[in-house]
Visitor: 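Okay, here's the structure, questions in a sec.
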Amino acid sequence: MKKTFLATLGAGLIALGTNASAQGYPTRAISMVVPYAAGGSTDGLARIVAQAMGENLGQTVVVENLGGGGTMIGNQRVTRAAPDGYTLTFGNMGSLAIAPSLYPKSKFDPRRDMSAVGLVATVPMVLSVSKKSGITTLPDFVARLKKNGADVNFGNAGSGSTSHIAAAYFMHVTHTQGMQIPYRGAGPAIADLMAGTVDAVIDQTVTMIPIHEGKRVTALAVASASRLPQIPDVPTFAEAGVPDFNMSVWNGIAAPAGTPPAVIARLEQALAAALKSPGVRESLDKLAAQAPAEKEQGAAAFQALIARDVPNFAALIKDAGITVN
């Protein structure tokens with residue numbers, strides 16, 4: 001009887017302490033872990049949103065890049081952190097839906113190990129090639145892959161990243177083969193694309209629009225229903241002859257499982273305010289990143305999206321025979 005009373009009392013005191021800390025949250029800086037190297041799409045979006053959320057929360061939100069390990073280094077940093085709202089992840093489909101199927105030994109399951117905060121943006125993917133490659137159209141690129149695929153290199157943001165899966169998916173639907181070269185993030189891969197070290201990269205418009213406009217690379221096709229006003233000279237994959245490739249990337253924020261509901265609610269509020277900010281909206285629009293509609297916002301909707309896409313990508317990975325070294 002005494003032990004039962006003490007256990008109940010202890011649980012009650014812990015709950016009171018958690019609620020009290022949640023009510024005062026946040027009181028210090030928040031770390032937002034991006035599981036990729038600096039300079040990539042996810043990193044760029046994280047920095048746009050982190051600043052706006054920090055203004056609403058009254059605390060600095062520091063973007064922390066932890067690339068490598070197929071996003072698992074960053075994921076583990078978050079899942080092992082205290083569930084107090086001071087360590088978050090800004091991830092995407094790669095880290096929060098694809099990684100579990102490619103790294104089963106990690107036993108990572110975002111449906112169990114993460115508490116969703118909210119969807120930030122959905123971004124079309126763009127296939128770009130280096131100027132050094134001499135390729136100028138998507139049909140030319142497909143022909144090069146079919147004729148000499150072993151010598152065509154795709155740079156990607158790391159094994160299990162969306163750019164890795166996208167390239168594998170593209171080769172699957174075009175019945176071609178090429179060499180994939182993993183980096184610690186999209187930033188280093190794109191640097192080598194501009195230098196001509198790799199022939200192609202498929203990544204989000206966030207990184208591809210500026211370097212196409214700057215004539216550093218040649219964008220061959222964009223995965224959108226129609227041409228984007230930001231890069232009207234770039235055809236859609238359907239227009240360019242590969243209608244079966246249609247891949248956009250969602251990006252969002254999550255916290256460690258067990259984060260108090262009051263803390264999640266406060267983060268939801270800050271994210272919603274950020275997404276309404278004219279400055280954030282303008283930044284997203286320039287990069288063709290689509291903010292979620294109201295019904296797609298919030299923790300519950302994002303948790304449901306993750307739960308839907310984990311098995312969806314498991315099926316795609318199996319069908320396309322995608323593996324990691």
Side-chain angles (χ1 to χ4, degrees), residues 32-37 40-46 49 66-67 69-75 78-79 88-104 106 108-114 116-127 154 156-170 172-173 180 182-183 185-186 189 201-208 222-224 237 245-254 284 287-292 296-297 299 301-320 322 324:
M32 182 177 281
V33 176
V34 174
Y36 301 101
S41 299
T42 309
D43 174 62
L45 290 171
V49 173
L66 283 177
T71 74
M72 289 311 304
I73 293 174
N75 281 342
V78 177
T79 58
L88 311 174
T89 183
F90 192 106
N92 62 16
M93 294 185 329
S95 62
L96 294 174
I98 294 169
S101 295
L102 288 178
Y103 299 97
S106 70
F108 169 65
D109 188 336
R111 297 167 294 185
R112 177 197 64 217
D113 301 330
M114 295 284 194
V117 172
L119 180 65
V120 172
T122 302
V123 190
M125 299 207 86
V126 177
L127 169 57
F154 280 91
N156 66 54
S159 297
S161 65
T162 53
S163 54
H164 168 222
I165 299 300
Y169 180 33
F170 176 80
H172 177 63
V173 300
Q180 292 237 46
Y183 290 79
V201 171
I202 303 181
D203 199 52
Q204 299 175 61
T205 52
V206 174
T207 51
M208 291 303 188
V222 58
S224 53
F237 278 92
F245 184 86
N246 184 22
M247 187 172 173
S248 293
V249 178
W250 53 252
N251 301 262
I253 299 171
L284 294 180
L287 301 170
Q290 185 176 356
E296 299 172 318
Q297 295 183 24
F302 190 38
Q303 197 78 44
L305 178 60
I306 293 170
R308 182 201 74 186
D309 274 0
V310 169
N312 284 352
F313 277 105
L316 170 63
I317 287 163
K318 182 179 179 180
D319 290 345
I322 299 169
V324 296

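Computed over heavy atoms, backbone and side chain alike; hydrogens, waters and symmetry mates excluded.
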Visitor: Before giving the answer on side-chain contact (heavy atoms from CB on, under 4.5 Å), spell out for Met114 and Ile306 the whole-Å C-alpha distance, their side-chain angles and the decisive distance to 0.1 Å.
Guide: CA-CA 10 Å; Met114 295 284 194; Ile306 293 170; 5.8 Å; no
Visitor: Who passes side-chain contact (heavy atoms from CB on, under 4.5 Å) against Ile322, sequence neighbours left out?
Guide: Leu102, His164, Ile165, Ala168, Ile317, Ala320
Visitor: Identify the heavy atoms of Ala157 and Ala186 that sit nearest to each other, and give their distance.
Guide: CB-N, 3.3 Å
Visitor: Taking all non-hydrogen atoms of both residues, which atom of Ala223 and which atom of Ser248 are closest, and how far apart?
Guide: O-OG, 3.6 Å
Visitor: Ignoring hydrogens and geometry, is there a side-chain-to-backbone donor-acceptor pair from Gln297 to Pro292 under 3.5 Å?
Guide: yes
Visitor: Would you find a donor on one side and an acceptor on the other, under 3.5 Å apart, between the side chain of Thr71 and the backbone of Pro35?
Guide: no
Visitor: With respect to Phe237, which candidate in Leu127, Asn246, Val222, Val126 satisfies the side-chain contact (heavy atoms from CB on, under 4.5 Å) definition?
Guide: Leu127
Visitor: Using a 4.5 Å cut-off on heavy atoms from C-beta on, say whether the side chain of Val49 contacts that of Asn251.
Guide: no
Visitor: As an exercise, state the distance from CE of Met247 to CD of Gln204, rounded to the nearest 0.5 Å.
Guide: 9.0 Å
Visitor: How long is the straight-line distance from CG of Leu96 back to CG of Asp309, given to the nearest 0.5 Å?
Guide: 10.5 Å
Visitor: Please tell me if the side chains of Arg111 and Pro311 come closer than 4.5 Å, counting only heavy atoms from C-beta onward.
Guide: yes
Visitor: Under the ring pair (Phe, Tyr, Trp, His ring centres under 6.0 Å) test, which residues partner Tyr183, sequence neighbours left out?
Guide: none
Visitor: Could you tell me whether Gln290 atom CD has more than 12 heavy atoms of other residues or ligands within 6.0 Å of it?
Guide: no
Visitor: Run the numbers on Tyr36 and Asn92 for side-chain contact (heavy atoms from CB on, under 4.5 Å), then give the verdict.
Guide: CA-CA 10 Å; Tyr36 301 101; Asn92 62 16; 2.8 Å; yes
Visitor: Can you give me the closest heavy-atom contact between Ala288 and Pro124, atom names plus distance?
Guide: O-CD, 3.3 Å
Visitor: Closest approach of Ala289 and Leu45, non-hydrogen atoms and distance?
Guide: CB-CD2, 4.2 Å
Visitor: Hey, does the side chain of Thr42 reach the backbone of Gly91 with a donor-acceptor pair shorter than 3.5 angstrom?
Guide: no
Visitor: Nearest 0.5 Å, please: how far is OG in Ser159 from CE in Met72?
Guide: 13.0 Å
Visitor: Does the Thr122 side chain pair with the main chain of Trp250, one donor and one acceptor, at a distance under 3.5 Å?
Guide: no
Visitor: Taking all heavy atoms of Thr162 and all of Gly94, pick out the closest pair and write down the distance.
Guide: CG2-N, 3.3 Å
Visitor: Between Asn75 (side chain only) and Ser95 (backbone N and O only), is there a donor and an acceptor less than 3.5 Å apart?
Guide: yes
Visitor: Ignoring hydrogens, what is the shortest heavy-atom contact between Pro110 and Gln303? Give both atom names and the distance.
Guide: O-NE2, 3.9 Å
Visitor: Answer with yes or no whether the side chains of Thr79 and Asp113 bring together a donor and an acceptor at under 3.5 Å.
Guide: no
Visitor: Can you tell me how far the OG atom of Ser163 sits from the CD atom of Gln180, to the nearest 0.5 Å?
Guide: 8.0 Å
Visitor: May I ask you to decide if the ring planes of Phe170 and Phe245 are parallel, tilted or perpendicular, using 30° and 60° as cut-offs?
Guide: perpendicular
Visitor: Would you compute the distance between atom CG of Leu305 and atom CD of Glu296 and round it to the nearest 0.5 angstrom?
Guide: 8.5 Å
Visitor: Starting at OG1 of Thr207, measure out to CG of Leu287 and round the result to the nearest 0.5 Å.
Guide: 9.0 Å
